[in-house]
Amino acid sequence: MKTLTPEDKAFLLDSIRDVKDFPKPGIVFKDISTLLKDPKAFGFLMDHLKERYEEREIDFIAGIDSRGFIFGSALADRLKKGFVPIRKHGKLPYTTIGEKYALEYGFDEIEIHIDAFKCDKEKPKVLLIDDLIATGGTANAAANLIDKSGAECIEACFVINLTFLRGDEELKKITPVYSVLEID
Ligand code: AMP
């Protein structure tokens with residue numbers, strides 16, 4: 001499996017736009033829309049993820065609402081695996097199971113359909129994917145939800161890890177974590 005060189009990483013990082021003070025003052029928003037509209041960068045990233053995961057035993061790829069859907073479904077199609085959306089509360093039409101997680105003020109909840117990972121295996125293997133891990137609250141809840149559903153999260157994969165927030169520390173206790181780009 002090819003590990004990315006510093007030049008590869010710089011190429012991908014350069015394709016992502018920083019938007020200061022969005023959605024509120026003090027936040028530097030990592031805008032991956034500029035990566036997506038660049039076929040060379042998007043293709044390079046997806047080739048890398050395909051190479052990383054094509055030899056792994058995976059039954060489903062689960063993407064987190066909403067940018068995890070973009071990378072997750074593109075990868076699922078390349079690997080010929082099923083894709084499962086992990087959605088914000090109230091969006092899924094069928095019976096759901098959910099997992100709450102704390103925000104700065106209050107809480108949020110993510111959900112999957114109760115039969116999302118149903119297949120011929122007793123404990124299906126799931127790759128979790130999102131565009132970015134910040135505090136890790138969303139990803140931790142997603143990994144717990146996969147566990148609660150009876151499936152196994154084999155790895156959590158992120159395009160960007162804001163490592164200075166140490167969001168992956170708790171997550172690593174539940175599942176291996178892979179980040180294509182680390183920003184500290
Ligand atoms: P967290 O639960 O704090 O790890 O936040 C992760 C989620 O929020 C991901 O779905 C990201 O898409 C989004 N997010 C958080 N911080 C940023 C940021 N600085 N730039 C872009 N997206 C972010």
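Start at 1 and go down the list; that is how both ligands and their atoms are numbered.
- When all heavy atoms are compared, the tightest approach of Phe83 to Gly63 is CE1-N, 3.4 Å.
- Tested against Glu111 for a side chain to side chain contact (heavy atoms under 4.5 Å, CB included), the candidates His89, Lys91, Lys88, Arg87 yield a single pass: His89.
- In this view, Phe44 and Phe11 satisfy the ring pair (Phe, Tyr, Trp, His ring centres under 6.0 Å) rule, not counting sequence neighbours.
- Partner of Ser149 under the side chain to side chain contact (heavy atoms under 4.5 Å, CB included) criterion, chosen from Val126, Val84, Ile97, Asp115: Ile97.
- Other cluster members for Val19: Phe22, Phe29, joined by side-chain heavy-atom distances under 4.5 Å among Ile, Leu, Val, Met, Phe, Trp and Tyr.
- Annotation: ring-ring contact (aromatic ring centres under 6.0 Å, His included) contacts involving residues 147-184, sequence neighbours excluded, comprise His48-Tyr178.
- The protein residues lying under 4.0 angstrom from ligand 1, judged by non-hydrogen atoms, are Val28, Phe29, Lys30, Arg67, Asp130, Asp131, Leu132, Ile133, Ala134, Thr135, Gly136, Gly137, Thr138, Leu162.
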